[in-house]
Amino acid sequence: MFEVHGHARRGKRAAVADGSVLQRSRIHQLLSQELRLDVVQTGAGMRHLLDWLRRADPSQWPHLMVLAVPSAGDVAAYSHTVGALRGAGVRVLAVTSSPARRISRRLLADGVEGFVSTADSEQEFLAAAGSVLAGRTLATARARADLQRQAQGPRLSIQEERVLALYASGFTIVEVADRIGVRHDTARKYLNRVRAKFTAAGWPARSKLQLARIAWAEGYADPEADGILTDTGPLLTADFG
């Protein structure tokens, strides 16, 4: 059992966003049974959590959010969402892995308070959650290793990453433009820049299939994913006692 020191966590609330049902359930158990936190909401992902936050009384919002970082997704959208949550006073503990390094490294730059790895033990997770909730920042040794692994491909801008992720996930260039809020010819320019950068790095990128394979290999998109988070809605504000 993980020792709870004093009464520092009495009345504290947590939420969990994790696409894995089994992992989400276990995190819920650990937070409630070992850290004595009131887990007020669990969901499959960020969008589900944000929908609940917009409906819920701010007095019931979590003090700690545990976010399982997916291996693929819209980097800018996750960054925006986590920034909104942190601005509302929610401390964030990200559960990451090497394939999720692109989003995780952006969240690190955004100042997320804690990182643990999917390869860490439950005791390491609990220690990290307690530290983050207490106002400290940390990344476990395995999480640091995940964050520090360098991508093999060229550096892309945020808009180029978004275009590649969406295009590789099956959207047409017109649909991509609409989703990121730019003109169709602008989205095509971004895509052409992506092709040029990977071609210059020795990666064939002429066809959509070649781009998709690059996106899958580099963690921009998931071949088994059925959607990408692109709309995070209005910013959140709240005060916590």
Side-chain angles (χ1 to χ4, degrees), residues 17-20 23 44-47 67-83 94-110 112 115 117-119 139 142-232:
D18 192 324
S20 167
Q23 185 166 285
M46 189 76 81
R47 185 187 298 277
L67 167 66
V69 182
S71 61
D74 186 332
V75 178
Y78 270 86
S79 174
H80 172 81
T81 301
V82 169
V95 181
T96 187
S97 63
S98 183
R101 64 180 176 272
R102 289 193 179 275
I103 297 178
S104 299
R105 288 169 68 186
R106 176 63 183 271
L107 298 183
L108 176 66
D110 290 335
V112 166
F115 288 87
S117 170
T118 53
R142 291 184 184 88
R144 285 195 298 272
D146 290 338
L147 290 164
Q148 291 168 359
R149 287 190 176 93
Q150 297 297 315
Q152 299 176 8
R155 182 180 296 274
L156 304 181
S157 71
I158 293 299
Q159 288 291 64
E160 289 166 354
E161 288 182 346
R162 297 183 77 189
V163 167
L164 175 58
L166 291 167
Y167 190 69
S169 297
F171 296 102
T172 67
I173 195 62
V174 172
E175 292 170 333
V176 170
D178 291 342
R179 282 174 173 265
I180 68 174
V182 301
R183 292 165 53 92
H184 300 166
D185 59 341
T186 301
R188 194 171 297 280
K189 287 180 182 178
Y190 287 134
L191 186 62
N192 288 338
R193 289 179 193 169
V194 171
R195 282 198 169 102
K197 287 182 178 181
F198 279 105
T199 298
W203 297 46
R206 292 180 60 86
S207 71
K208 188 167 188 176
L209 179 58
Q210 288 173 329
L211 278 173
R213 286 172 175 164
I214 289 171
W216 300 336
E218 288 293 281
Y220 289 106
D222 184 344
E224 298 181 357
D226 57 4
I228 298 291
L229 174 63
T230 58
D231 179 17
T232 57

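- Counting heavy atoms from C-beta outward, V182 and V163 have side chains that stay 4.5 Å or more apart.
- Partners of R142 under the side-chain hydrogen bond (donor to acceptor under 3.5 Å, both in side chains) rule, at least two apart in sequence or in another chain, are D120, E124.
- Between L147 and F115, the closest heavy-atom pair is CD1-CG, 4.0 Å.
- A distance of 14.0 Å separates CZ in R213 from NZ in K208, rounded to the nearest 0.5 Å.
- Heavy atoms only, all atoms of each residue included: S104 and V69 are closest at OG-CG1, 3.6 Å.
- Partners of D18 according to the salt bridge (Lys or Arg N to Asp or Glu O under 4.0 Å) rule, which considers only residues two or more places apart in sequence or in another chain, do not exist here.
- To the nearest 0.5 Å, atoms CZ (R193) and CG (L164) are separated by 14.5 Å.
- Residue-environment remark: NZ (K197) exceeds the threshold of 12 foreign heavy atoms within 6.0 Å.
- Residues forming a side-chain contact (heavy atoms from CB on, under 4.5 Å) with S157 (at least two apart in sequence, or on another chain): Q159, E160.
- A distance of 10.5 Å separates CG in L166 from OG1 in T172, rounded to the nearest 0.5 Å.
- Once rounded to the nearest 0.5 Å, the distance linking CG of D178 with CZ of F171 reads 11.0 Å.
- Of the candidates R183, K189, R188, R183 is the only one forming a side chain to side chain donor-acceptor pair (under 3.5 Å) with D185.
- In this structure the side chain of L211 reaches within 4.5 angstrom of the side chain of R195, judged on heavy atoms.
- Nearest heavy-atom pair, A212 versus A168, reported as atom, atom and distance to 0.1 Å: CA-CB, 3.8 Å.
- Here the closest non-hydrogen pair linking A100 and P70 is CB-O, 3.3 Å.
- Applying the side chain to side chain contact (heavy atoms under 4.5 Å, CB included) test between T118 and each of D146, T96, V95 identifies V95 as the sole match.
- P204 and I214 get closest at one heavy-atom pair: O-CD1, 3.6 Å.
- Using a 4.5 Å heavy-atom cutoff, the side chains of F198 and L156 are in contact.
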